[in-house]
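Below is one structure, written out as structure tokens; the observations come after it.
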There are 2 protein chains.
Amino acid sequence: MSGHVTAEQAFRSVLFIESAETLAAIEGEVRAFAGPMGYERFVLFSVSAAQDEVVERIYWVEGDWFGNGESVDAETYIRRCPVTRHILDEREPFFWTKTTGAHGELYRVVRSPRGRGIHGLQVPVFGPLGLEGAMSLGGERIDASPRARLALGLIAEAAFLAARNLLEAAIGGDVGALSEREREVLAWTAAGRRQVEIAATLGLSERTIENHLRRIRKRLGVATTAQAIRVAIRKGEIAA
Amino acid sequence: MSGHVTAEQAFRSVLFIESAETLAAIEGEVRAFAGPMGYERFVLFSVSAAQDEVVERIYWVEGDWFGNGESVDAETYIRRCPVTRHILDEREPFFWTKTTGAHGELYRVVRSPRGRGIHGLQVPVFGPLGLEGAMSLGGERIDASPRARLALGLIAEAAFLAARNLLEAAIGGDVGALSEREREVLAWTAAGRRQVEIAATLGLSERTIENHLRRIRKRLGVATTAQAIRVAIRKGEIAA
DNA sequence: AGCCCAATGAGGGTTTTCCCTCAACGCGAG
DNA sequence: CTCGCGTTGAGGGAAAACCCTCATTGGGCT
């Protein structure tokens, strides 16, 4: 909370996080840095447009996010935090504030949060495919200065990338690779054919084409077929 | 170069750059920060990348990039710097080094550049649409420490975002079969957004988005939006 | 002034895609 | 021999995209 954010400490934290070998080490470092600035609620997650939910996988959630004295689990967080959706519209870290009034909880994106309520900073992390993850930090009396935004933006990005490196390697394996059939269907789609047409060409049911395309979207972690085309081209799954 | 990069100074520079109102101010700040670290060649550009050219528009190019004692213009830089293409494969700032041997110039991406030659740091900048721009800094004897990478990454990202904000507004759309608006709509589509979402993001009617997309398909001579994505990527209208 | 065109938006439909679930077959790995 | 997974297919409904035409505004160009 108090004083000033030391840039020096932020740099050291980032470098430490980048070389961390466990999630716990990352968490500890973030806590140690952000704690004195008034942040004691944390969420770190990856984002995928594939689901109806924005959040794909939560790496770390901690703290009394909903002011009920209980620490939350991942599902609760996803269900209850509407601020999360805003990362779809923002291109830089932003502050938000939650006030509890007559009509229940009210979340807003603000320039600089103040007053009573729970405030926080949401940091989107972008990569070659667009939005890839985010970290949210919250607290009741937080340092919401430009310097804090800058420092926490750095830390959060490093934390997300490091955490993903640690966790996704263990989990995923080769997520994203398409099967032969899927590549074929997507290639025809990229060539402008409709599902019925592709079905006829390949001698399959229209339903099968549809199922393949859904599976493709899920595998590539995208929301629409149009996006799947782009991602597949980028990954070299199909030709441009 | 030697000594230590002060994180404090980096933070101050970023905050200054974010509020800069001319490109010259941004350039001056970057020079002042990176100069003492041995960097005196700069390129700042936006990326739209597809096939032939990665670079879309160069905002700032300065310094003796090719060791011939002359400052280069934009076209020369694009034509002669093969390192640029690497930003398509990288997801973080990376160092490179250029050595001149018997078989001409040799560029390599390295962990930590040393020795004779021109070295540099390439910083990709990502956004909701994927890779959006980059900044490259070079010099003969540069500080290539992790701290330098971190600080310059910050500075470069801020510089790119600030420069784009300043310049893109002024510049009108030039080349390309698609209009500025159409490219924008298609880019969001390729990023997985639906028409209604794009309408909300751009503050337009859903109808308008639909009309733009129809016009895009007509102009590109394709049947479906999925195909339009592929064709546009191939033509370099939007990024892969 | 007259004209073209980008950008915006609408009416009123049709077609296509998308979503969730369930199910069957064959094939290779443990 | 199960188990996972790729491939195939379906029912039923909801959402999104797509199609036509028409209309207005504002810039630029002749």
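Reminder, nothing fancy here: chain letters follow the sequence lines and each chain counts from 1.
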- Message: Nearest 0.5 Å, please: how far is CD1 in A/I209 from CZ in A/R214?
- Response: 12.5 Å

- Among all residues two or more places apart in sequence or in another chain, which pass the side-chain contact (heavy atoms from CB on, under 4.5 Å) test with B/A134? B/F45, B/I87, B/Q122

- Apply side-chain contact (heavy atoms from CB on, under 4.5 Å) to A/A156 and list each qualifying residue two or more places apart in sequence or on a separate chain. A/V123, A/M135

- For B/R193 and D/dA17, give me the distance from atom CZ to atom P, rounded to whole Å. 13 Å

- Task: Apply side-chain hydrogen bond (donor to acceptor under 3.5 Å, both in side chains) to A/R108 and list each qualifying residue two or more places apart in sequence or on a separate chain.
- Result: none

- Query: With sequence neighbours excluded, what pairs up with B/E92 under the side-chain contact (heavy atoms from CB on, under 4.5 Å) test?
  - Reply: A/L161

Could you go over nucleotides 8-11 of chain C and give all protein N or O partners under 3.5 Å, atom names and distances?
unit_1	atom_1	unit_2	atom_2	d
C/dT8	OP1	B/R181	NE	2.9
C/dT8	OP1	B/R181	NH2	2.7
C/dT8	OP2	B/R181	NE	3.1
C/dT8	OP2	B/H212	NE2	2.7
C/dG9	OP2	B/S205	N	2.6
C/dG9	OP2	B/T208	OG1	2.7
C/dG9	O5'	B/T208	OG1	3.2
C/dG9	N7	B/N211	ND2	2.8
C/dA10	OP2	B/S205	OG	2.9
C/dG11	N7	B/R207	NH1	3.0
C/dG11	N7	B/R207	NH2	3.1
C/dG11	O6	B/R207	NH2	3.2

- Message: Distance check, rounded to the nearest 0.5 Å: B/F33 atom CZ versus B/L137 atom CG?
- Response: 10.5 Å

- Gap between atoms CG and P, on A/L178 and D/dG6 respectively (whole Å): 11 Å

- Pairs in or reaching into residues 185-194 of chain A: which pass side-chain hydrogen bond (donor to acceptor under 3.5 Å, both in side chains), with residues at least two apart or in two chains? none

Dump every N/O contact between nucleotides 23-28 of chain C and the protein below 3.5 Å, one line per pair.
none

- Respond yes when some side-chain nitrogen or oxygen of A/Q195 is under 4.0 Å from OP1 or OP2 of C/dT17, and no when none is. yes

What side-chain donor-acceptor pairs closer than 3.5 Å can you find for residues 216-228 of chain B, not counting sequence neighbours?
unit_1	atom_1	unit_2	atom_2	d
B/R217	NH1	B/T225	OG1	2.9
B/R219	NE	B/E182	OE1	3.3
B/R219	NH2	B/E182	OE1	2.8
B/R219	NH2	B/E182	OE2	3.3
B/T224	OG1	B/Q227	N	3.2
B/Q227	OE1	B/A223	N	3.1
B/Q227	NE2	A/A191	O	3.2

- Message: Using whole Å, what does the distance between atom P of nucleotide D/dC18 and atom CD1 of B/I198 come to?
- Response: 11 Å

- Item | Residues that B/R230 engages under side-chain hydrogen bond (donor to acceptor under 3.5 Å, both in side chains), provided they are two or more places apart | none

- For atom CD of A/E180 and atom P of D/dT8, their distance in whole Å: 12 Å

- Message: A/A25: which residues meet the side-chain contact (heavy atoms from CB on, under 4.5 Å) condition with it, sequence neighbours left out?
- Response: A/F16, A/A20, A/T22

- Check the distance between C/dT16's C1' and A/L213's CG and give it to me in whole angstrom. 12 Å

- Name every residue in residues 216-229 of chain B that has at least one heavy atom under 4.0 Å from any atom of DNA chain C, in order of residue number, or write none if there are no such residues. B/R219

- Message: Can you list everything that forms a side-chain hydrogen bond (donor to acceptor under 3.5 Å, both in side chains) with A/E29? Sequence neighbours excluded, please.
- Response: A/S13

- B/E197 CD to D/dA16 C1', in whole Å, measures 11 Å

